[in-house]
Every structure is written in C-alpha cells, then in structure tokens.
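Worksheet for the structure shown next.
Note that the numbering runs from 1 along the sequence shown for the chain.
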Amino acid sequence: MTEPFFGNFDLASLSLWLFWVFFALLIFYIQRENMREGYPLEDDDGKPSANQGMFPVPSDKTFKLPHGRGDVTVPSGQKAERANLPLEKTAAGNGFPFEPTGDPMADGVGPASWAPRRDVPELDGHGHPKIVPMSAKDGFHVASGRDPRGLPVKAGDGEIVGTISDMWIDEPEQLVRYLEVTLKDGGGKRLIPMTVARIWKSHVKVRLIFGKHFPGVPKHASPRQVTLLEEDKIMGYYGGGTLYASEARQAPVLG
C-alpha cells in the first residue's frame with residue numbers, strides 16, 4: 001500500500017513558510033518603491049554616498065499624467081535637486097550645518113528652501129486650475145469672518161506695504177489659499193499665504209517678513225493662476241523670513 005504524499009506532509013508548516021516568503025518579498029518590493037525619490041544617496045558634497053544600503057534602486061517606472069500633461073518617469077536618471085546652492089560648510093565632516101553665502105531668502109536656501117516642482121498650476125478633477133482669484137469667479141463671497149479686501153498690510157516691523165486687493169481661492173475646496181496685496185509706489189502685486197496672515201479690524205498683519213522684504217516676494221507670472229513652482233518659492237520665502245528676516249531672529253533665545 002502506497003502512502004499518499006499529503007498523508008505525511010505538514011500543510012500548516014507549508015502555509016506558514018509560504019507566508020514568510022511572501023512577506024519578505026513584499027517588504028523588498030515596498031522598500032524599492034520607496035526609493036523612487038532621493039536615491040542613489042549622496043553625501044553633503046553631492047557625490048555618490050559610499051553606503052547605498054542593501055536594497056538596489058528600482059528600475060524606471062513611467063506614469064501617465066491626466067489632462068494631457070504627458071508622462072513622467074522616475075527615477076529618470078536626472079538629478080531633480082537644485083545644484084550649486086550658495087552654501088558653505090561650517091566644518092569639514094559630514095552632518096554639520098551649512099551657512100548661506102548670500103541672501104538666503106532670495107537664494108531659497110535653509111528655511112527658505114523650495115523644490116523644483118513643475119511650472120504648471122495644480123488642476124482640479126476637471127482639468128482646470130484649482131487656485132484662482134475670487135474676482136475671476138462668480139458666485140463666491142465671504143460667508144463668515146472679516147473680508148480683508150481694502151485693508152492695509154502691515155509687515156513684521158510695522159511698515160504699511162500695500163493694500164489687499166483680492167483673495168485667491170481653492171475653488172473645489174472652497175477656501176482661501178492666498179491674499180493678494182498691491183504694493184505701494186507701483187511695486188506690483190504679490191501673494192500672501194493665508195496661513196501667515198492675521199486679519200484684524202483695521203489691517204492685515206504679516207509677522208514673518210519686514211517691509212523691505214515684500215518687493216522680493218517671488219512673483220506669479222499669470223494674473224489668473226499660480227503654478228506649483230511659484231507656490232513653492234512663495235511659501236519658502238515667507239518661511240525663510242521666520243529665521244532670516246533679521247539677525248535678532250537668528251540669535252539663541254534664553255528662557
């Protein structure tokens with residue numbers, strides 16, 4: 001009499017080992033997919049790092065973008081990071097901070113850093129720009145709170161730099177993303193992120209930067225839309241003002 005194969009085979013043990021093999025392959029796959037940005041690793045000088053880790057960089061994958069925006073391939077073999085930044089080391093070894101060598105807010109380094117995003121506007125589900133000025137859209141009005149249009153803008157040093165002329169809204173989300181300020185003395189228009197503005201009864205306060213910095217706020221090319229790259233530069237500029245607007249903000253604070 002011949003014993004059947006599964007008569008003396010531990011199916012529970014087989015199931016357990018199959019699970020462990022599947023789980024190991026899953027971790028390997030997820031880790032490689034996680035390496036589509038920021039790899040291969042580089043040291044502080046921009047040279048390939050000596051320790052690249054145990055997982056290889058994944059092969060190229062092409063994504064088809066919606067609304068006729070073409071394809072994007074990652075990793076593309078191209079360095080997406082900005083090169084030749086005006087920074088210098090504070091020490092010879094790796095891991096030490098870098099110091100700006102120029103105007104950090106204008107150069108977009110440190111807290112003022114921005115990423116080289118695509119110079120196209122963010123789109124909604126129908127392929128239209130998401131963030132647009134309220135004046136270009138009918139049917140939108142301020143439902144609650146104080147309407148800031150017409151109020152003067154006061155910088156962090158108390159200087160009045162201009163007047164709020166419009167509000168830029170995220171149309172599908174139905175909320176305000178930016179305030180548009182018309183600078184005095186023909187300085188043009190700039191965008192103020194709503195998150196850094198404080199609306200008072202008599203004025204709008206922007207604490208992060210001073211009056212002299214407003215003309216340097218990165219401009220948006222179109223009066224009817226703002227691109228992803230422009231948004232990143234604008235956000236970085238205001239964020240950098242938290243540290244770089246004055247030397248006093250860079251000094252230690254003793255409690």
Tell me which donor-acceptor pairs under 3.5 Å the side chains of residues 233-248 have, and how far apart each pair is, sequence neighbours excluded?
residue: Y237; atom: OH; partner: H213; partner atom: O; Å: 2.7
residue: Y238; atom: OH; partner: L191; partner atom: O; Å: 2.9
residue: T242; atom: OG1; partner: G239; partner atom: O; Å: 3.1

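- Rounding to the nearest 0.5 Å gives a distance of 8.5 Å between CG of L123 and CD of Q225.
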### Message
Show, in sequence, the C-alpha distance, side-chain angles and deciding distance for R207 and R198, and conclude whether the side-chain contact (heavy atoms from CB on, under 4.5 Å) test is met.
### Response
CA-CA 9 Å; R207 184 190 63 84; R198 295 296 178 266; over 6 Å; no
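- Classification of the W20-F23 ring pair by plane angle, with boundaries at 30° and 60°, yields perpendicular.
- One finds a salt bridge joining K61 and E33 here, because a Lys/Arg side-chain nitrogen approaches an Asp/Glu carboxylate oxygen to under 4.0 Å.
- Residues L183 and K189 form no side-chain contact, since every pair of their non-hydrogen atoms from C-beta on lies 4.5 Å or further apart.
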### Query
For F214 and V206, what are the C-alpha separation, side-chain angles and deciding distance, and is it a side-chain contact (heavy atoms from CB on, under 4.5 Å)?
CA-CA 10 Å; F214 269 89; V206 180; 4.0 Å; yes
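- Hydrophobic clustering of Ile, Leu, Val, Met, Phe, Trp and Tyr side chains at less than 4.5 Å, counting indirect connections, keeps L228 apart from Y178.
- Residues V153 and T163 have side chains not in contact (no heavy-atom distance under 4.5 Å, counting atoms from C-beta outward).
- Atom-to-atom distance recorded for L41:CG and N51:CG is 7.5 Å, nearest 0.5 angstrom.
- Here CZ of F22 is found 10.0 Å from CD1 of I27. Values are rounded to the nearest 0.5 Å.
- Closest approach of P86 to D107, counting heavy atoms only: CG-OD2, 3.4 Å.
- In plain terms, the two heavy atoms of V226 and H220 that are nearest each other are CG2-CB, 4.3 Å.
- In this structure, V196 is a member of the same hydrophobic cluster as I164, with clusters built from ILVMFWY side-chain heavy atoms closer than 4.5 Å.
- Once rounded to the nearest 0.5 Å, the distance linking CD1 of I209 with NZ of K212 reads 11.5 Å.
- For F55, the ring pair (Phe, Tyr, Trp, His ring centres under 6.0 Å) partners at least two apart in sequence or on another chain are F28.
- There is a side-chain donor-acceptor pair under 3.5 Å between S165 and E180.
- Comment: E171 does not engage R177 in a salt bridge, judged by the lack of any side-chain N to carboxylate O separation of less than 4.0 angstrom.
- No donor-acceptor contact under 3.5 angstrom links the side chains of T73 and D60, judged on distance only.
- Linking ILVMFWY residues whenever their side-chain heavy atoms come closer than 4.5 Å, directly or via other members, leaves L229 and V132 in distinct clusters.
- Checked by atom type, the side-chain pair Y39/Q52 shows no donor-acceptor distance below 3.5 Å.
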### Task
Evaluate the criterion side-chain contact (heavy atoms from CB on, under 4.5 Å) for residue pair K64 and R69; output intermediate values, then yes/no.
CA-CA 8 Å; K64 297 185 180 298; R69 286 194 165 175; over 6 Å; no
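- Linking ILVMFWY residues whenever their side-chain heavy atoms come closer than 4.5 Å, directly or via other members, leaves V176 and W200 in distinct clusters.
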### Task
Please test D170 against K130 for salt bridge (Lys or Arg N to Asp or Glu O under 4.0 Å), starting from the C-alpha separation and ending with a verdict.
CA-CA 5 Å; D170 187 327; K130 284 188 64 178; 3.4 Å; yes
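- Cluster annotation: F210 and I192 are assigned to distinct hydrophobic clusters (Ile/Leu/Val/Met/Phe/Trp/Tyr, side-chain heavy-atom contacts under 4.5 Å, transitive).
- Defined by atom type and a distance below 3.5 Å, a donor-acceptor pair is missing between the side-chain atoms of T62 and D71.
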